[in-house]
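The structure appears below as structure tokens.
This one's a predicted model, so the numbers in the text were calculated from it and none came from an experiment.
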Amino acid sequence: RTQAEMAHTCRGTINLSTAHIDTEDSCNIVLSNGGRTYHLKANSEVERQRWVTALELAKAKAIRMRNNQSDDSGDEEPASQSDKSELHGPLKTLSSKLEDLSTCNELIAKHGAALQRSLSELENLRLPADSGEKIKAVNERATLFRITSNAMINACRDFLDLAESHSRKWQRLLQHEREQRIRLEETIEQLAKQHNSLERACRGAPGLASGTASISSTAKGDVQSAKGEASDEDEETEYFDAMEDAPAFITVTADPKHHRRSGSNLSGASEGHPEDWNLEDSVFESSNQSSYNESTGRDLLPRKRRRSRIPDKPNYSLNLWSIMKNCIGKELSKIPMPVNFNEPLSMLQRLTEDLEYHELLDKAVKCESSTEQMCFVAAFSVSSYSTTVHRTAKPFNPLLGETYELDRLEELGFRSLCEQVSHHPPAAAHHVYSRRGWTLWQDITISSKFRGKYLSIMPLGAIHLEFHSSGNHYVWRKVTSTVHNIIVGKLWIDQSGEIEIVNHKSKDKCQLKFTPYSYFSRDVPRKVTGVVSDANGKAHYVMSGTWDEKMECSKIVHSSHGSTSTEGKQKTVYQTLSPKVLWRKYPLPENAENMYFFSELALTLNEPEERVAPTDSRLRPDQRLMESGRWDEANVEKQRLEEKQRAVRRRREAEAVEALEEGEDYEGYIPLWFERKVDAVTGELICVYKGGYWEAKDKQDWSVCPDIF
């Protein structure tokens, strides 16, 4: 390699022109250059000799290139015809211009010499003294003009020589960069093929037997990582810990007809009666075979006919890496992204999608036991992730003060309101009231990091659910969502972490574990497992399933301490009755793959409605343009809205500085329909609904709403 090329090489490269090649024995090769030495071992003596010959030839070539960098080497691979034309075209133009200048120079020299002869003849004539002085001055100027012209021509010739000498170096560097790019493309293609092969092999691996549910974890939590990526991750590799407080357990299905208690082998074990497993099917078995438009709500008014499709997603090409390479390590909410990465829904609408399986909460109202009710709440907490399995696009970041309502009080028995209460960090408040006996509220802050290979989305904040009749108050938090293959391969999303659901009235708990996906795991992908226990720690139900398909519940009739594992940790064996399905995912609509994989509920969320607030997400112009397939216009509109929001933020910051200088307090942005309070259960400062929105809608009085669109 030339010295210029050596500046572009990888760390650890040896310059062959000064390297020493030696052989230790029949198979070993020693390659040294200064303080760096490599010991290479071939499979056989023949292979070693082939390597030595290739290295010696490469060394001779490197020496020739070093000694004569200005000459084209015959051993080099010729550049492509387009490269030669790009490099030699300007040189030919320069040469032709230089020839024109040389011709002009010859004419100048010829006419200059004639002029000087004429002036010399005039000097020899007898003329007045002052005329002689003028002629002499003109002669000197003509001489200077001729000298200057010669200097200009010489400078042009030197420039052409320099361009010709450097053109060869440019050509070699261009060829080197082209080869590097080709090698990189081949490497990326190879990695993508290996990724797909591993994924297919993993999917083809046999899973667990369907007859017996086997769930196992460690008592203190073992660190799990994606083994397939362990070798090439950096220090920011994300590892997932198992639940610290969840006991290791195994479940086996018992037959109620032949079940008998055997107290001799129970050591502090919890016991249950098979006859307790007699809940009405209409309450405990979730009949989710029906679609979204056929679920519960017969006692309410007939449903309004809503849209069942949106315009197909356009097929726009985009250079992902050109945008993402400057985003590594940054907050996703602070990165200006084109709508090409979005789906035509806002984050407020995505939060509202958590209510797609609201009937689980309607059924939970009818449960008499708090532990049975906990099972439905747990299934509801898992169901909110079912819409994300194919939804790898990014929702629109709501503008500060943006709202979204979903009024289904007459059709489904609930009404929902979301508001963006903070922009940096982005935070949304959500409140849902159901006339069927429950209220849900949450204040969620989204924290996200782009790490090159994957994007981690961490929702921060608690979700509260309260049942009106019993007063049971449940609190839980969301798990981490990770989008993989941001740069290479097919995008896919995974959920990982733990959810602890606590009933703060009865102190019942449910520990749910979302197992991270691994190429080499024999577990079912997207698996979720957990145990429902009462205030005394007695286990009553085992939860099992996947977050993208269904959740089942098995009643525990016996629990006993089993054998000790190889790690010295004792496992608990749960004998359970046959599992009952609590929740099953609705099938996606026809042509969903061309409609951003929206569910039937998601297709209706951005449907235009009358009488909504002027800050409602349905009225956001860039989102509406994107849904219509006019992405270029949507990008322009998105930039306009973001710049308008920045101007408002700068004005608010100026007001804060002015208030500080005057010694006054500055409250900052005040939410429209929510107010900040300290939560009595968690002790956190959250935004809770203060009322007034639905009354303002009835009166159509939106005077408090800012102009954000």
Side-chain angles (χ1 to χ4, degrees), residues 333 344-355 358 384 394-409 414-434 439-448 459-466 478 602 605-624 641-642 644-646 648-649 652 667-679 682 684-709:
S333 60
L345 290 178
S346 73
M347 180 58 73
L348 303 181
Q349 292 165 314
R350 286 291 293 267
L351 272 180
T352 307
E353 274 193 83
D354 289 356
L355 302 173
H358 62 91
S384 62
K394 173 182 175 290
F396 279 79
N397 288 331
L399 303 174
L400 187 62
E402 185 174 336
T403 60
Y404 181 75
E405 67 159 73
L406 188 69
D407 191 353
R408 299 288 190 268
L409 194 64
F414 71 86
R415 54 176 27 164
S416 165
L417 176 65
C418 290
E419 180 184 347
Q420 188 77 0
V421 296
S422 174
H423 187 62
H424 286 304
H430 185 201
H431 182 270
V432 189
Y433 166 79
S434 173
T439 301
L440 182 145
W441 66 96
Q442 57 181 322
D443 185 355
I444 298 296
T445 300
I446 301 297
S447 176
S448 54
L460 308 176
I463 303 172
H464 296 257
L465 173 65
E466 187 173 20
K478 291 180 175 286
L605 292 180
N606 206 42
E607 185 176 8
E609 289 193 14
E610 298 178 353
R611 301 177 60 83
V612 298
T615 54
D616 197 273
S617 299
R618 298 177 180 89
L619 304 177
R620 181 166 173 165
D622 53 348
Q623 187 172 304
R624 182 65 61 190
L641 291 175
E642 290 174 347
K644 183 177 181 179
Q645 182 171 237
R646 293 187 193 101
V648 173
R649 186 178 72 247
R652 192 176 294 114
E667 290 184 325
Y669 176 76
I670 301 176
L672 300 178
W673 312 108
F674 291 78
E675 59 183 350
R676 293 183 173 90
K677 288 185 177 181
V678 176
D679 182 64
T682 63
E684 300 173 347
L685 183 65
I686 63 172
C687 285
V688 295
Y689 180 59
K690 64 181 179 181
Y693 179 86
W694 305 108
E695 293 78 7
K697 182 180 179 180
D698 292 337
K699 298 176 183 178
Q700 283 297 290
D701 179 12
W702 304 114
S703 56
V704 298
C705 296
D707 177 20
I708 61 175
F709 298 144

Write down the atom of [X], the atom of [Y], and the distance for their closest heavy-atom approach.
X      : Y      : value
Val421 : Cys687 : CG2-SG, 4.0 Å
Pro459 : Ile444 : CB-CG2, 4.0 Å
Ala462 : Thr682 : CB-CG2, 4.4 Å
Lys478 : Ser384 : NZ-OG, 3.9 Å
Glu353 : Ala602 : OE1-CB, 3.5 Å
Thr352 : Cys418 : OG1-SG, 3.7 Å

Which of these passes side chain to side chain contact (heavy atoms under 4.5 Å, CB included) with Pro398: Ile708, Leu348, Leu351? Leu348
Check Arg646 with Glu642, please: is the shortest side-chain N to carboxylate O separation under 4.0 Å? yes
State plainly whether the residues Glu609 and Arg408 are in salt-bridge range, i.e. N to O under 4.0 Å. yes
Quick one: does [X]'s side chain get under 4.5 Å of [Y]'s, heavy atoms only?
X      : Y      : result
Arg415 : Val432 : no
Arg620 : Leu641 : yes
Asp443 : Phe674 : no
Pro426 : Met347 : no
His431 : Thr439 : yes
Tyr689 : Glu419 : no
Arg611 : Lys697 : yes

Testing the 3.5 Å rule here: is there a donor-acceptor pair between the side chains of Gln623 and Gln349? yes
Verify side chain to side chain contact (heavy atoms under 4.5 Å, CB included) between Tyr404 and Gln420, making sure each step is shown before the conclusion. CA-CA 9 Å; Tyr404 181 75; Gln420 188 77 0; over 6 Å; no
Distance in Å, [X] [atom1] paired with [Y] [atom2], rounded so as to fall on 0.5 Å steps:
X      : Y      : atom1 : atom2 : result
Leu406 : His358 : CG    : NE2   : 9.5 Å
Cys705 : Glu402 : SG    : CD    : 12.0 Å
Leu605 : Ser346 : CG    : OG    : 9.0 Å
Leu417 : Trp441 : CG    : CH2   : 15.0 Å
Ile670 : Arg676 : CD1   : CZ    : 8.5 Å
Leu440 : Asp354 : CG    : CG    : 8.0 Å

Using 30° and 60° as the class boundaries, would you call the ring planes of Tyr693 and Trp673 parallel, tilted or perpendicular? perpendicular
Donor-acceptor contact present, side-chain Arg618 to main-chain Glu610, <3.5 Å: no
Is the backbone N or O of Leu400 less than 3.5 Å from a side-chain atom of Gln645, with the two atoms forming a donor-acceptor pair by type? yes
So Ile686 and Lys677, side chain to side chain contact (heavy atoms under 4.5 Å, CB included) or not? Walk me through it. CA-CA 6 Å; Ile686 63 172; Lys677 288 185 177 181; 5.6 Å; no
Partner set under side chain to side chain donor-acceptor pair (under 3.5 Å) for His430, not counting sequence neighbours: Ser416, Gln442
Criterion side chain to side chain contact (heavy atoms under 4.5 Å, CB included) on His464 and Asp679, from CA distance to verdict: CA-CA 10 Å; His464 296 257; Asp679 182 64; 3.2 Å; yes
Which is it for Lys644 and Leu399 under the side chain to side chain contact (heavy atoms under 4.5 Å, CB included) test, yes or no, and what are the steps along the way? CA-CA 10 Å; Lys644 183 177 181 179; Leu399 303 174; over 6 Å; no
Residues at least two apart in sequence or cross-chain that pass side-chain contact (heavy atoms from CB on, under 4.5 Å) with Thr445, listed by chain then number, are Pro425, Ala427, Leu460
